[in-house]
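No experiment lies behind these values; they were computed from the predicted model shown. In the text below, chain A, chain B and the rest are named by the order of the sequence lines, each starting its count at 1.
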Amino acid sequence: MSLPSPAPGAYDPHGLEAKWYARWLADGRFRADPTSDKPPYCIVIPPPNVTGSLHMGHALNNTLQDVLVRYKRMDGFETLWMPGTDHAGIATQNVVERMLAAEGTSREALGREAFLERVWRWKAESGGTILRQLHRLGASCDWERERFTMDEGLSVAVREIFCRLYDEGLIYRGDYITNWCTRCHTAISDLEVEHEEAEGRLWHLRYPLADGTGAVVVATTRPETMLGDTAVAVHPEDERYRGLVGKTLMLPLVGREIPVVADASVSAEFGTGAVKVTPSHDPNDFATGLRHDLPRVAVIGPDGRMTPAAGAYAGLDRGEARTRVVADLEAAGVLVKQEAHRHSVGHCYRCRTVIEPLVSRQWFVKIQPLADEALAAVRDGRTRILPEQWEKTYYHWMENIRDWCISRQIWWGHRIPAFTCTACGELTVARTDPDACPRCGAAALSQETDVLDTWFSSGLWPFSTLGWPEKTPELAKFYPTSCLVTGFDILFFWVARMMMLGLKGMGEVPFRDVYIHALVRDEHGQKMSKSKGNVIDPLEIIDRYGADAFRFTLAALAAQGRDVRLSADRVEGYQRFANKIWNAARFAGMNLGDLDPAAPEVPFAELAAQDRWVLTRLQATVEAVRAALDAYEFDKVAGSLYQFIWHEVCDWYLEMSKRPLLRTDAPTSRRGTQQTLVRVLDGVFRLLHPVMPFISEELWQGLPWPGSFGPRAPSLVVAAFPRPAGMPVDEAARARIELVQAAVSAIRNVRGEMNVPPARRVVALVQGDGTALAVLAAEAEAVSALAGLGSLEFLPADAPKPPQAALAVAPGLEIHLPLAGLIDLGEEARRLTK
RNA sequence: GGGCGGAUAGCUCAGCUGGGAGAGCGCCGGCCUUACAAGCCGGAGGUCGCAGGUUCGAGCCCUGUUCCGCCUACCA
């Protein structure tokens with residue numbers, strides 16, 4: 001017997017959390033065995049960035065995963081929760097570069113190799129921070145399997161999939177316009193661009209015809225790019241400009257002659273209906289340029305400064321250039337007017353710098369064939385996305401997807417396995433570094449300096465971590481994984497890519513379910529951010545309230561489709577809940593000391609009414625919690641547990657058990673209650689374990705003979721009430737639900753004894769049928785008499801609330817009603833009405 | 001521009017396929033009873049965003065509308 005001692009002492013989470021986590025690790029409780037006969041259950045962790053430290057998003061994400069994983073582990077599955085981290089290309093490079101800057105040096109000064117060595121060193125020191133922090137949360141990952149997107153095995157996987165895609169013609173290299181970050185000095189994908197509405201301007205510029213017969217006015221939000229204009233486009237159907245197509249304009253400030261072209265992409269309604277075309281600096285114009293075979297003049301360079309092609313403006317920053325160009329245009333009389341114009345501006349998601357569309361040589365994944373597969377897999381149900389609303393979002397994105405730019409001009413990442421022969425120019429992509437050019441045999445090969453988008457490697461995560469491309473037992477056992485738990489912010493970045501690459505690499509979806517959870521916000525609904533100063537540190541919360549209370553809070557707030565608004569008050573409330581449980585166990589400890597394990601078990605039918613009742617409620621709660629877990633309804637998991645444990649077990653059952661526990665003259669009744677108490681607490685601690693692992697383990701281990709003792713409620717009892725003649729089955733069943741509910745709520749009020757609230761009105765369903773009404777009234781009388789409740793008044797539909805006295809019950813009443821039967825009749829009847 | 005979500009008690013939210021408007025916290029009143037005052041019992045408080053419609057009956061279904069939030073997009 002080691003339940004908490006009766007001595008006064010409040011629940012203190014800290015010691016017990018550290019104690020149990022250490023023991024679980026020592027006992028290998030989180031280890032997964034691929035050779036096991038048990039059915040598999042596997043979740044791969046969304047690998048946190050090595051730059052990260054634990055924030056609320058991680059806390060929520062990992063709590064939900066741990067709840068699922070612990071549930072399945074308890075439920076007889078061979079369970080693997082695969083941990084690891086992501087190298088986070090640009091983010092990590094930026095962090096180390098900032099450190100170098102603080103030391104007065106730079107990555108350029110160090111050179112590629114020394115820089116990478118430095119990043120690896122930093123990663124070794126700081127890269128594991130977040131995973132260590134997950135221990136505090138109680139995360140039951142199989143830590144011995146921890147992987148890193150740039151470790152040896154995963155790098156092999158990256159290279160393998162790259163070569164496969166390349167061999168199949170699904171990866172290509174070419175000169176295209178991409179989103180360029182002038183600060184990070186790299187191309188980034190469309191997804192990595194964050195659009196923000198900004199107050200801009202629309203400048204109207206007059207471009208004169210070269211023959212001096214007139215002019216065309218164009219509108220632009222970026223006047224500095226006019227230096228790179230190589231055409232003006234109008235819509236082919238636009239009457240205003242029909243005569244101008246094919247004529248030549250004289251580009252102001254530059255003096256270049258540029259043509260007027262007709263292109264259907266131009267909207268006649270916007271601006272003046274004539275648009276300047278800058279193929280080098282605008283994605284639309286780039287496409288227009290290809291259609292009309294226009295030359296490209298790059299006037300802005302990779303560093304955001306004007307190139308020599310910008311003539312007098314060369315060397316200026318693009319911002320200064322704008323000011324100067326506008327001033328010069330105005331002086332030259334070219335500027336017709338300027339007006340305010342709201343439009344969205346793209347920013348680098350890593351450093352917030354305004355994105356510059358630039359033409360450069362990049363690598364792309366031809367995405368359509370992959371996207372088609374990934375779409376089909378969700379459409380035909382091989383993978384479910386939950387809550388369902390996200391499926392639509394997924395479809396929408398996948399259907400409008402564009403080729404994925406996967407090359408980055410940074411150093412930290414997987415270097416693209418492409419080699420160019422310096423002799424003949426042949427491009428070779430290979431699984432192992434080639435010694436010589438396969439075409440001309442020259443030994444002089446130079447490897448591509450670009451690295452891959454960080455999401456390329458994390459897109460392989462569900463199978464690369466299991467050993468792919470080798471055929472490992474882990475892969476055979478755990479792929480496809482069971483569920484992926486993540487936030488919607490990386491649905492496209494990560495989930496979509498895993499779908500596409502998983503189908504390509506494994507020929508099967510990477511996961512059966514994708515559960516998308518919400519964002520954690522502060523109590524006012526604001527996104528947490530350092531600048532707002534509203535960040536709540538998960539570790540501080542754990543220090544103050546304990547991991548169990550914190551986890552329970554997150555689960556309780558994780559209603560599907562809603563953001564999670566977290567406040568410390570809420571956590572405090574659930575800490576009180578943990579304390580309540582603690583004290584319930586103390587109460588049990590005070591009353592179970594003399595329970596003899598050899599004593600015969602009191603049969604269910606002979607237990608006192610409240611014992612049968614609570615066992616039935618336990619049974620119902622088990623089913624409710626299971627159903628909620630299976631449906632990822634974490635708020636309902638928490639809600640059911642809270643309601644049952646606090647308001648049914650503690651408020652009612654423990655109170656009612658005091659009388660039989662005190663009566664030494666009725667040993668059977670006392671023993672029955674003791675046995676029930678053990679059974680109920682055993683069930684409570686087990687049910688609680690996925691959400692509150694620490695306190696539940698502590699208290700469960702303290703129970704005498706946990707898990708193998710005490711009566712159980714039958715899973716279904718149907719009470720046989722005769723159907724009144726003339727009443728349709730359906731109506732009778734529904735009426736009985738009401739009747740039963742009324743009886744139950746009346747019985748609930750037994751404990752109140754002084755002030756009984758009005759009973760439920762049992763009449764709503766029965767309309768205008770006098771016979772049925774009379775039958776029900778009689779039945780109600782019978783039930784209440786049976787329950788010893790005195791007169792249960794039956795009222796017509798339009799009656800006011802029943803008088804309270806009608807339901808009052810004398811103190812000390814023994815209840816003989818077969819409660820279990822009644823409650824399960826309700827269940828059965830509900831089934832009948834379906 | 002397209003799409004999605006939200007609006008229910010002072011606050012945060014739950015309300016499944018249409019039949020009782022609910023929980024937690026906060027507030028008010030009363031209780032140290034074989035665990036827990038970090039507790040127990042009771043109470044007040046809502047035109048379910050607004051306007052129509054369908055229905056015997058609408059928080060829930062339909063139409064319109066307002067206000068928030070988010071995602072997405074190459075109208076310069």
- [ ] Identify, with sequence neighbours excluded, every residue that meets side-chain hydrogen bond (donor to acceptor under 3.5 Å, both in side chains) alongside A:W180.
- [x] none
Please measure how far the [atom1] atom in [N] lies from the corresponding atom in [M], and state the result in whole Å.
N: B:U33; M: B:C41; atom1: P; value: 15 Å
N: B:G2; M: B:U17; atom1: C1'; value: 32 Å
N: B:C56; M: B:C67; atom1: C1'; value: 35 Å
N: B:G59; M: B:A7; atom1: P; value: 15 Å
N: B:C68; M: B:G26; atom1: P; value: 32 Å

Nucleotide N/O to protein N/O under 3.5 Å, stretch nucleotides 72-76 of chain B:
from	atom 1	to	atom 2	distance (Å)
B:C74	OP1	A:R402	NH2	3.3
B:C74	O2'	A:N284	ND2	2.6
B:C74	N1	A:N284	OD1	3.1
B:C74	O2	A:N284	OD1	2.1
B:C74	O2	A:N284	ND2	2.8
B:C74	N3	A:N284	OD1	3.4
B:C75	O2	A:S267	OG	3.1
B:A76	O2'	A:A219	O	3.3
B:A76	N6	A:S267	O	2.8
B:A76	N6	A:F270	O	2.7
B:A76	N1	A:S267	N	3.4

Nearest-Å distance, [atom1] ([X]) to [atom2] ([N])?
X: A:K636; N: B:G15; atom1: NZ; atom2: C1'; value: 9 Å
X: A:M590; N: B:A35; atom1: CE; atom2: C1'; value: 6 Å
X: A:F552; N: B:G24; atom1: CZ; atom2: P; value: 13 Å
X: A:N579; N: B:A38; atom1: CG; atom2: P; value: 9 Å

- [ ] Would you check if A:E572 and A:Y545 make a side-chain contact, meaning some heavy-atom pair closer than 4.5 Å?
- [x] yes
Open item on the list: Is a donor from one side chain sitting under 3.5 angstrom from an acceptor on the other, for A:D229 and A:Y207?
Closed with: yes
Open item on the list: Between A:D548 and A:Y574, do the side chains contain a donor N or O and an acceptor N or O under 3.5 Å apart?
Closed with: no
Which one, [options], comes nearest to the side chain of [X]?
X: A:K392; options: B:A35, B:C40, B:G5; answer: B:G5
X: A:L654; options: B:C70, B:C36, B:A35; answer: B:A35
X: A:H647; options: B:G15, B:G24, B:C40; answer: B:G24

Open item on the list: Is A:W646 close enough to B:C40 that one of its side-chain N or O atoms is under 4.0 Å from OP1 or OP2 there?
Closed with: yes
TODO: Respond yes when some side-chain nitrogen or oxygen of A:R576 is under 4.0 Å from OP1 or OP2 of B:G39, and no when none is.
DONE: yes
Task: salt bridge (Lys or Arg N to Asp or Glu O under 4.0 Å) partners for A:D263, two or more places apart - done: A:R291
Task: Atom CZ of A:R671 with >12 non-hydrogen neighbours under 6.0 angstrom - done: yes
Open item on the list: Taking any heavy-atom pair under 4.0 Å as a contact, classify A:D285: base, sugar-phosphate, or nothing.
Closed with: nothing
Open item on the list: Using the rule given for salt bridge (charged side-chain N to carboxylate O under 4.0 Å, His left out), can you reason through A:R222 versus A:E224, listing the C-alpha separation, both sets of side-chain angles and the distance that settles it, and then say yes or no?
Closed with: CA-CA 6 Å; A:R222 303 195 54 200; A:E224 71 280 9; 3.3 Å; yes
